[in-house]
Participant: 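One structure follows; several queries about it will come next.
Heavy-atom basis, side chains included; hydrogens, waters and symmetry copies ignored.
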Amino acid sequence: MLTKAQVRYVLDEIYQMFPEAHCELNHSNPFELAISVVLSAQCTDALVNKVTPALFQKYKSPEDYLEVPLEELQEDIRSIGLFRNKAKNIKKLSRMVIEEYGGSLPEDRDELMKLPGVGRKTANVIASVAFGVPAIAVDTHVERVSKRLGICRWKDSVLEVEKTLMRKIPQDEWSQAHHSFIFFGRYHCKAQSPQCEICPVLDVCREGQKRMKKRA
DNA sequence: AACTCGGGGCA
DNA sequence: TGCCCAGAGTT
């Protein structure tokens, strides 16, 4: 496992690598943010961003999602994977927000996770981006990068990864670290083809050194 | 723990 | 054109 000093080193290097890493989600409207993040499950943000402008033009409130037939909502998000489930979730989520939360999104992560389509990762994103709650959302990029580097253990569950990251990263950097890890995972430490040859943190990376030795 | 849902994007 | 990508829910 990487020491706290090594984690510090990794963070600094990765921040330098992706200085533009930041959250592109609109946080002025928590409900729209929640819809965006629910749509994001199992597909890229870029794909979601193609759909949301027109979507939010048409649907202004939770009530609007309830008024249209399910098939119409499905059609409006068709270009995204899993659109049938996601449309159902959005309708149910809208109903819950109206009936159980008085028309606005709950701020508590455990309450958020009661909403359909909102798991641990999504709840963390909503809580941190919309409500400023300190959190680290562990998606596949964050998980893969943390495990390869040796910040946490391979067998760790998502929850354990999250706890370890919170322990080893200063709280005021959780957001920046989260977004930087996403960029790092998507463009550099990729699932199938990690760019170990040109990696700035190879010297502390457990998996990277294994890979390089294998190649030699 | 394994399986399902489903498109877009890239090789 | 087939393989890879990306979470939540259900069993």
Participant: What's A:Gly119 touching, base or sugar-phosphate or nothing? Going by heavy atoms closer than 4.0 Å.
Facilitator: sugar-phosphate
Participant: Over all strands shown, is A:Val38 touching base, sugar-phosphate only, or nothing at heavy-atom distances under 4.0 angstrom?
Facilitator: nothing
Participant: Counting side-chain heavy atoms from C-beta on, which of C:dG7, B:dG6, C:dC5 comes nearest to A:Arg84?
Facilitator: B:dG6
Participant: The side chain of A:Gln192 is closest to which nucleotide in this list: B:dG8, C:dC5, B:dG7?
Facilitator: C:dC5
Participant: Rounded to whole Å, please give me the gap between CG in A:Leu39 and C1' in C:dA6.
Facilitator: 13 Å
Participant: Which is true for A:Ile182 with a 4.0 Å heavy-atom rule: it touches a base, it touches only sugar-phosphate, or it touches nothing?
Facilitator: nothing
Participant: Over how many whole Å does the gap from A:Glu143 atom CD to C:dA8 atom C1' extend?
Facilitator: 14 Å
Participant: Under 4.0 Å between a side-chain nitrogen and a carboxylate oxygen: does that hold for A:Arg120 and A:Glu162?
Facilitator: yes
Participant: With a 4.0 Å cut-off, would you call A:Arg8 and A:Glu173 a salt bridge?
Facilitator: yes
Participant: What nucleic acid atoms does A:Thr122 come within less than 4.0 Å of, heavy atoms only: base, sugar-phosphate, or nothing?
Facilitator: sugar-phosphate
Participant: Given atom CG of A:Leu115 and atom C1' of C:dA8, what is their separation to the nearest angstrom?
Facilitator: 13 Å
Participant: Could you pick out which residue, A:Ser40 or A:Asn89, lies toward the 5' side of DNA chain C when each is mapped onto its nearest nucleotide?
Facilitator: A:Ser40
Participant: Output the single nucleotide from C:dA6, B:dG9, B:dG6 whose closest atom is nearest the side chain of A:Arg144.
Facilitator: C:dA6
Participant: Rounding to an integer number of Å, can you tell me how far A:Tyr187 OH sits from C:dC5 P?
Facilitator: 15 Å
Participant: Knowing that exactly one of A:Ile35, A:Leu55, A:Val48 qualifies, which makes a side chain to side chain contact (heavy atoms under 4.5 Å, CB included) with A:Ile77?
Facilitator: A:Leu55
Participant: For A:Ala41 and for A:Lys92, locate the closest nucleotide of DNA chain C by heavy-atom distance; then report the residue assigned to the nucleotide nearer the 5' terminus.
Facilitator: A:Ala41
Participant: Scan A:Lys50 against the nucleic acid and name what it touches under 4.0 Å (heavy atoms): base, sugar-phosphate only, or nothing.
Facilitator: sugar-phosphate
Participant: In whole Å, I'd like the distance from the CD atom of A:Gln42 to the P atom of B:dT4.
Facilitator: 14 Å
Participant: Whole Å only: how far is the NZ atom of A:Lys86 from the P atom of C:dG9?
Facilitator: 12 Å
Participant: Are A:Lys114 and A:Asp110 close enough for a salt bridge, meaning some N to O gap below 4.0 Å?
Facilitator: no
Participant: Look at the side-chain N and O atoms of A:Ser79 and state whether any lies under 4.0 Å from the OP1 or OP2 oxygen of B:dG7.
Facilitator: no
Participant: At under 4.0 Å between heavy atoms, what does A:Asp139 touch on the DNA or RNA strands: base, sugar-phosphate, or nothing?
Facilitator: sugar-phosphate
Participant: Using the rule given for side chain to side chain donor-acceptor pair (under 3.5 Å), can you reason through A:Glu67 versus A:Tyr59, listing the C-alpha separation, both sets of side-chain angles and the distance that settles it, and then say yes or no?
Facilitator: CA-CA 10 Å; A:Glu67 278 176 18; A:Tyr59 302 89; over 6 Å; no
Participant: Taking 4.0 Å as the cut-off, does a side-chain nitrogen or oxygen of A:Thr140 come that near to OP1 or OP2 on C:dG7?
Facilitator: yes
Participant: To the nearest angstrom, how far is A:Ile80 atom CD1 from B:dC5 atom P?
Facilitator: 19 Å
Participant: Looking only at side-chain atoms of A:Lys121, point me to the closest of C:dA8, C:dC5, B:dC5.
Facilitator: C:dA8
Participant: For nucleotides C:dA8 and B:dG9, find the distance between their P atoms and express it as a whole number of Å.
Facilitator: 22 Å
Participant: In whole angstrom, give the distance that lies between atom CZ of A:Arg186 and atom P of B:dG9.
Facilitator: 13 Å
Participant: NA contact type, A:Leu82, heavy-atom cut-off 4.0 Å: base, sugar-phosphate, or nothing?
Facilitator: base
Participant: Please tell me whether A:Val38 and A:Leu66 are part of a single hydrophobic cluster in this structure, the criterion being side-chain heavy atoms less than 4.5 Å apart.
Facilitator: no
